[in-house]
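Have a look at the structure below, then the notes.
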Amino acid sequence: MYQNFFSDYLEKLQDSNQQWWKDLEQGKAATNTPLNKAMQEQSMEDTAKLLEGASSQPAAMLQIQMQWWEKQMEIWQNVALAANKANVVAPEKDDKRFQDESWQDEMFYNFIKQSYLLFGRTYLETINAVEGLDEKAKERLTFFSRQAINAMSPSNFVGTNPELLKLTLEQNGENLVKGLQQLQEDLESSSDILKVRMTNNNAFRIGEDVANTPGDVVYKNELFELIQYRPTTEKVNATPLLIVPPFINKYYILDLREKNSMMRWLVEQGHTVFMMSWRNPGIEQRDVEFGDYVTEGVVKAVSAIEDITGQSQINAAGYCIGGTVLASTIAYYAAKRMKARIKSASFFTTLLDFAQPGEVGAYVNENLVSAIELQNNARGYMDGRSLSVTFSLLRENSLYWNYYVDNYLKGNSPVDFDLLYWNSDSTNVAAATHNFMLRELYLKNRLVEDKGVKVGGVWIDLNKIKIPTYFISAKEDHIALWQGTYRGALNVSGNKTFVLGESGHIAGIVNHPAKGKYGYWVNDELSESADEWFDSAQHNTGSWWSHWDKWLEAYSPKEKVEPYKAGSDNFPVLTVAPGDYVKQVLPIAVKSESEETSEAPSKAEA
């Protein structure tokens, strides 16, 4: 009895898993994309292995089923028979779906809530309990099953959410009408999969409300614009600082409103800061490769900064994949036997060793990577809107379904929030670059191999990075696991400092000292194990920004100098910051010939 009952649940969940992906499609032939086909095939293959493994260990499965049945009966007895409000199964502390009092006080909703939570946990426990299932299949099953379970949450439907039902009755359904209008707008602006808006897309203006630290664009090519920020102190550090942001997001995550702007804060500390603003690629940039971000990106920026400031060396920092590009650039200089043009390098939540990519690894296997490559090659790029949803679904309840409920079922207008505005301002990734990242970095982990990656015609080696390095990661980062970034730090030579901040991938980095919000851990001794490092690390209050600023002091002469002028003869000021590339929004229109020729590069392009 129990075996058939639980098997039926397994089958229904698998059906729901597949249906969930189909329900989110936009009617743009998305169900026929190579990726969706590959995901459905992979899901069925993994589920078949799960059922096969479960059938080979009936005793263990029966025990889990019995435990589930006993808990289910306990929920029924507590709620229905004894009218007991005590939870047999309680939501996790950070689960905000069931905060309305009716979920606890009303028998019907309390029973639904607890039964749902019990089933979800039991199913995930079943996956972990099946022996003989390879770890990668387990990771995929756990991740995608969790997506299906959370998509089926009673909090996502009017009929099973007491707060939504009450609101709908009070407003005579007006909330649903408003929500439907917002849903239609979001469908029209989405790509393959529904991108739920997180904030008011008209609330901020780039260059005025965000990305507004005063500066000038002093260089431009087909890949990026270089911004030189204007000094605000009478004297500045002699060694300039280059920031390399990720090309999968726009740079102004580090230049939000004044209270959140790292760029403004750095200038106030006396740094001469240069920022790279990457182009938002369209189909014309389909052949831009990862190595181009080194040779036509960071290398060009360093040359321009040297010319403008007269300094032969600079400090540099890279954020996320921007840090990966920065490390590749330093290794490229070493492979070319060039002088050490970068004095020190800082890496913000940067993966160099991709063996522990986090939950994004659920998308990384030969079948899915091959499907994504086919899709990218057909389009010319990975659509940034779909990429944004992918990252949101790594934390689906807090970054996807809560906005789904709030916008479409409650009919609320999204709040005005600069960070969420940036998060919604998506960027594409050129097909050749995205294919390289998935296959060579994530799938094959080539960057840490000897002669694994070639840039500009030479093999690069991270071990040849012998300059001082500073790694800052975030303890709750779900995009770049800090244990993974720690492994990357072990792959470079020279003096290394590893710092672990509180919070996640964004909030852990964008942590202005004035807020006094998140602290950080420091341990000068780098162990072979990340956990060993953490066990001996010392916790500090306050922002890591101040710690990093003090670290940077060692790599600039003590005597400060007069502020550098904006631009130079070879690199004159082209326009005021934030420039043009950051204002490109999706979808990127194909340019006419006249528009292409109107984009003139800097005087010193070479």
Side-chain angles (χ1 to χ4, degrees), residues 219 221-224 226 239-247 274 276 278 287-307 311-348 350-355 430 432-471 484-485 487-496 555 604-606:
Y219 177 77
N221 65 14
E222 289 298 308
L223 200 59
F224 77 101
L226 182 64
T239 305
L241 174 64
L242 170 65
I243 307 292
V244 184
F247 50 74
F274 290 82
M276 300 181 73
W278 300 110
D287 296 323
V288 171
E289 299 180 349
F290 178 84
D292 293 330
Y293 285 91
V294 172
T295 58
E296 298 302 312
V298 180
V299 169
K300 298 289 188 183
V302 171
S303 296
I305 295 170
E306 289 176 345
D307 186 273
Q311 295 294 317
S312 61
Q313 287 186 313
I314 70 167
N315 294 319
Y319 192 175
C320 191
I321 198 68
T324 312
V325 173
L326 174 60
S328 300
T329 303
I330 301 169
Y332 168 77
Y333 283 145
K336 297 281 285 185
R337 300 183 183 276
M338 300 172 68
K339 68 172 184 175
R341 302 172 77 177
I342 295 177
K343 186 184 297 186
S344 76
S346 302
F347 301 99
F348 306 166
T350 293
L351 285 172
L352 300 179
D353 185 326
F354 288 78
T433 299
H434 195 250
N435 292 347
F436 174 88
M437 288 169 56
L438 284 179
R439 180 166 295 280
E440 303 302 326
L441 300 186
Y442 280 95
L443 184 61
K444 296 184 178 180
N445 198 17
R446 296 285 199 200
L447 194 58
V448 293
E449 291 182 4
D450 181 29
K451 294 186 177 180
V453 171
K454 184 177 281 189
V455 171
V458 296
W459 296 106
I460 62 173
D461 183 355
L462 296 184
N463 287 315
K464 297 295 176 61
I465 298 177
K466 298 180 180 180
I467 62 174
T469 52
Y470 184 104
F471 289 81
T485 63
R487 289 170 62 106
L490 298 178
N491 280 278
V492 302
S493 304
N495 294 325
K496 294 173 281 192
Y555 306 105
E605 185 72 31

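As a basis for the values below, the full set of heavy atoms in this structure was taken, side chains included, without hydrogen atoms, waters or symmetry mates. The first residue of the sequence shown is numbered 1, and numbering continues consecutively from there. These figures come from a predicted structure and were not determined experimentally.
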Handout entry: Steps toward side chain to side chain contact (heavy atoms under 4.5 Å, CB included) verdict (Y332, V299)
Key = CA-CA 9 Å; Y332 168 77; V299 169; 4.0 Å; yes

Any idea which heavy atoms bring [X] and [Y] closest together, and the distance?
| X | Y | answer |
| --- | --- | --- |
| A331 | I465 | N-CG1, 4.2 Å |
| W278 | P245 | NE1-O, 2.8 Å |
| V458 | K336 | CG1-CD, 3.8 Å |
| T295 | G456 | CG2-CA, 4.0 Å |
| A335 | W459 | CB-O, 3.4 Å |
| G323 | L352 | O-CD2, 4.4 Å |

Between [atom1] of [X] and [atom2] of [Y], what distance do you get to the nearest 0.5 Å?
| X | Y | atom1 | atom2 | answer |
| --- | --- | --- | --- | --- |
| L443 | L438 | CG | CG | 8.5 Å |
| I243 | F274 | CD1 | CZ | 11.5 Å |
| S328 | I321 | OG | CD1 | 8.0 Å |
| N491 | L462 | CG | CG | 6.0 Å |
| M338 | I330 | CE | CD1 | 13.0 Å |
| D461 | E449 | CG | CD | 11.5 Å |

Practice task
Please confirm whether F347 and Y470 have ring centers closer than 6.0 angstrom.
Solution key: no

Exercise for the section: Would you please classify the geometry between the F436 ring and the F290 ring as parallel, tilted or perpendicular, with 30° and 60° separating the classes? Expected result: parallel

Below 4.5 Å, heavy atoms only, C-beta onward: do [X] and [Y] meet side chain to side chain?
| X | Y | answer |
| --- | --- | --- |
| V298 | M276 | yes |
| V455 | Y293 | no |
| V448 | N445 | yes |
| I467 | S344 | no |
| D353 | L447 | no |
| F471 | T469 | yes |
| L326 | I342 | yes |
| F247 | L223 | no |

Practice task
Consider only side-chain N and O atoms of T239 and N315, and report whether a donor and an acceptor are under 3.5 Å apart.
Solution key: no

Practice task
Please identify each residue that fulfils side-chain hydrogen bond (donor to acceptor under 3.5 Å, both in side chains) with D292, with sequence neighbours left out.
Solution key: none

Fill in the blank from the handout: S346 meets the side-chain hydrogen bond (donor to acceptor under 3.5 Å, both in side chains) criterion, sequence neighbours left out, with W548

Practice task
Kindly indicate, with the supporting measurements, whether the criterion side chain to side chain contact (heavy atoms under 4.5 Å, CB included) is fulfilled by E306 and Q311.
Solution key: CA-CA 5 Å; E306 289 176 345; Q311 295 294 317; 6.0 Å; no

Count the heavy atoms belonging to other residues, nucleotides or ligands that lie under 6.0 Å from [atom1] of [X], then report whether that count exceeds 12.
| X | atom1 | answer |
| --- | --- | --- |
| K454 | NZ | yes |
| K339 | NZ | yes |
| N463 | CG | yes |

When you measure from the side chain of [X] to the backbone of [Y], do you find a donor-acceptor pair of N or O atoms at a distance under 3.5 Å?
| X | Y | value |
| --- | --- | --- |
| N221 | F224 | yes |
| Q313 | A340 | yes |
| T485 | L351 | no |
| T350 | C320 | yes |
| K464 | I460 | no |

Exercise for the section: Could you check Y333 against V302 for side chain to side chain contact (heavy atoms under 4.5 Å, CB included), going step by step and ending with a plain yes or no? Expected result: CA-CA 11 Å; Y333 283 145; V302 171; 3.6 Å; yes

Handout entry: Derivation of the side chain to side chain contact (heavy atoms under 4.5 Å, CB included) call for L241 and Y555
Key = CA-CA 10 Å; L241 174 64; Y555 306 105; over 6 Å; no

